[in-house]
Number of protein chains: 2
Amino acid sequence: MNAKHRILLVEDHTLLRIGLRALLCQIQDFEVVGEAANGREAIGAIKELSPEIVLMDLTMPEMNGMEAITQIKERYPQVGILVLTLHRSEEYIHESLKAGANGYILKDATHEELCIAIRSVLSGKTYLSPDISNKVVRVFLAGGKSASLAFAWESVTSRERQVLKMVAEGCANKIIAAYLSLSIKTVEKHRSNLMRKLDLHNASMLTAFAIGKGLLSGDSSSASDPSAGLVQRQDGVI
Amino acid sequence: MNAKHRILLVEDHTLLRIGLRALLCQIQDFEVVGEAANGREAIGAIKELSPEIVLMDLTMPEMNGMEAITQIKERYPQVGILVLTLHRSEEYIHESLKAGANGYILKDATHEELCIAIRSVLSGKTYLSPDISNKVVRVFLAGGKSASLAFAWESVTSRERQVLKMVAEGCANKIIAAYLSLSIKTVEKHRSNLMRKLDLHNASMLTAFAIGKGLLSGDSSSASDPSAGLVQRQDGVI
DNA sequence: ATGGAAATGCGGGTTAATACGTAGACTAGT
DNA sequence: ACTAGTCTACGTATTAACCCGCATTTCCAT
């Protein structure tokens, strides 16, 4: 009866990780048995430490949260996964829940909410932050309409993603064609297909979409670095 | 000699804030005298609590860190300000230091580094994370070349920013002209001036820049989700 | 007051992007 | 062998974007 609940923290921001540990250790029946700074470490840590629940960030180097969740749920389906992130977008929520997350809570939650969320997941329930559950409910009421965007995205082929990435980086069709050894006409076709599939109607929208998708500049910190996405490929020298 | 150093936490992510409090309270001579979730609250808290040092995030609602630092240093120049953020971009570093920050540390720093940074600022020194000081030195060696982007941005007029925002939202010139009651030619001119000033050469680059600058309120998913404006309250546990 | 910057607007011209239709080559699955 | 999907590519046409110079008005600061 004295056994503490074993918690694993997966979070790349060291200070937040240590802070969370300090916070959770104050709770009588919680025990932080380990920490990991990315998805790969997390999987190793689960094998070794067999925690009951994992608190997981989504945007991390090496292996991101979504992939990690998928792999963890494949190998250790009994482990509860509570996503702890700052991302409010339906994109992340949808992907996380689809990957098998048992809860989704925001980093601006309170201490109390975190505890409630952890206990919910420990007892087998699914916990969503109020903001998050609003979105989920709204999509549910809308008949999963916005899931159509996720569906549309899955219909985008890898070649098209490649083109999308370069478009978002500011490359002109001519540059993309040269870089990928294609005809401009082909690039235009890919671009046109992208816009049709995603229901976007110009280069700006494609760029905003790609950035939101995280196609540019791996980590979230440099996602808000104005100079990060603007690579020097516009020079045209390949 | 038993007086503890008075610390104020300014950070919008509640969990990190509480975690930091728990962390810093473990140090003998540190005392967290207050917390604030944005710049406006921070200024009020300083007036009331007169801390020696402020740990401040940069990206916050209501009033962001940069503005807050400027105002705090105007009114309470004796208060040390240590920026604690996840942003590694020269943009933020430059702006923060220019506004008067006494230190700049990243959220993936360790517990020990945080303590060292706080003590450095308390003793009147300037502390920069190793990664950060590297960048500062590099820019210094390059003769401040990359500060040119920050300078360029300041030369962008408010009307141009307005146009930039709409361009990044995917609006065509015609739409922008109608919305702002302008001639298409004028919009084209603003757009052209923006591209010249910022050294960007098409709509995609403008969009990426604007998103990096945080000119767009919503994320990409809500940008392509027409129903994203609706909100409703709902209980957390489902 | 007078110069400078900002905002607005036009003309003329070039280039790039977008829309739409068509179609061959290739791959993978049935 | 047949089918479906993707990647590739072209043609044609329209629209939007981009570049350059110039002019006007307003407003602010020296």
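Owing to the predicted nature of the structure, the values given are computational and were not obtained by experimental measurement. First the proteins, then the strands, lettered A, B, ... as listed; each starts at 1.
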*Asks:* Lys197(B) or Thr186(B): which one's nearest nucleotide on DNA chain C is closer to the 5' end?
*Replies:*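 Whichever sits nearer the 5' end wins; that is Lys197(B).
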*Asks:* Between Glu154(B) and Lys98(B), does any NZ, NE, NH1 or NH2 come within less than 4.0 Å of an OD or OE carboxylate oxygen?
*Replies:* yes
*Asks:* Tell me the interatomic distance from Met205(B), atom CE, to dC18(D), atom C1', rounded to whole angstroms.
*Replies:* 14 Å
*Asks:* Which nucleotide in the set dC7(D), dA17(C), dG21(C) lies at the smallest distance from any side-chain heavy atom of Lys189(A)?
*Replies:*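 Given the options dC7(D), dA17(C), dG21(C), the side chain of Lys189(A) is closest to dG21(C).
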*Asks:* Please state whether the phosphate of dA17(D), meaning OP1 or OP2, lies under 4.0 angstrom from any side-chain nitrogen or oxygen of Asn173(B).
*Replies:* yes
*Asks:* Rounded to whole angstroms, how far apart are CG on Leu194(B) and P on dC18(D)?
*Replies:*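 Whole-Å distance recorded here is 11 Å.
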*Asks:* Are Asp57(B) and Lys107(B) ion-paired here, with the side-chain N under 4.0 Å from a carboxylate O?
*Replies:*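 A salt bridge is present here (some side-chain N lies under 4.0 Å from a carboxylate O).
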*Asks:* Take the protein atom CG of Leu200(A) and the nucleotide atom P of dT18(C), then report the distance between them rounded to whole Å.
*Replies:*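 My rounded result for the distance is 11 Å.
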*Asks:* Nearest-Å distance, CZ (Arg196(A)) to P (dA19(C))?
*Replies:* 11 Å
*Asks:* Consider the side chain of Thr157(A), meaning its heavy atoms from C-beta on, and name the nucleotide among dT8(D), dC7(D), dA7(C) that approaches it most closely.
*Replies:*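 Minimum distance to the Thr157(A) side chain belongs to dC7(D).
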*Asks:* Would a distance-only check, ignoring hydrogens and angles, find a side-chain to backbone donor-acceptor pair under 3.5 Å from Glu48(A) to Ala45(A)?
*Replies:* no
*Asks:* Trp153(A) versus Phe209(A): any side-chain heavy-atom pair under 4.5 Å?
*Replies:*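 Sidechains of Phe209(A) and Trp153(A): in contact.
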*Asks:* Between dC10(D), dT18(C), dC10(C), which nucleotide gets closest to the side-chain atoms of Asn202(A)?
*Replies:* dT18(C)
*Asks:* With nearest nucleotide decided by heavy atoms, which residue, Leu182(B) or Glu188(B), maps closer to the 5′ end of DNA chain C?
*Replies:*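 Whichever sits nearer the 5' end wins; that is Leu182(B).
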*Asks:* For dC20(D) and Ser192(B) - does any side-chain N or O of the residue sit under 4.0 Å from the phosphate oxygens OP1/OP2?
*Replies:* no
*Asks:* Return the value, rounded to whole Å, for the distance between atom CZ of Arg159(B) and atom C1' of dT26(D).
*Replies:* 14 Å
*Asks:* Report yes if the side chains of Leu97(A) and Leu128(A) come closer than 4.5 Å at any heavy-atom pair, otherwise no.
*Replies:*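 The answer is yes, as the side chains (C-beta and beyond) meet within the 4.5 Å cut-off.
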*Asks:* Does OP1 or OP2 of dT8(C) have a side-chain N or O of His190(B) closer than 4.0 Å?
*Replies:*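 Yes, His190(B) has a side-chain N/O under 4.0 Å of OP1/OP2 on dT8(C).
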*Asks:* Is Ser155(A) close enough to dT6(D) that one of its side-chain N or O atoms is under 4.0 Å from OP1 or OP2 there?
*Replies:* no
*Asks:* Whole angstroms only, please: what is the NZ-P distance between Lys174(B) and dT14(D)?
*Replies:*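 From Lys174(B) NZ to dT14(D) P: 15 Å.
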*Asks:* Can you measure Leu206(B) atom CG to dA17(D) atom C1' for me and round it to whole angstrom units?
*Replies:* 11 Å
*Asks:* Rounded to the Å, how far apart are Ile184(B) CD1 and dC10(C) P?
*Replies:*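 To the nearest whole Å, that distance equals 10 Å.
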*Asks:* I'd like to know if Lys185(A) reaches the base of dG21(C) with its side chain, counting only an N/O donor and acceptor under 3.5 Å.
*Replies:* no
*Asks:* Answer yes or no: does a side-chain N or O of Arg191(B) lie under 4.0 Å from OP1 or OP2 of dC18(D)?
*Replies:* yes
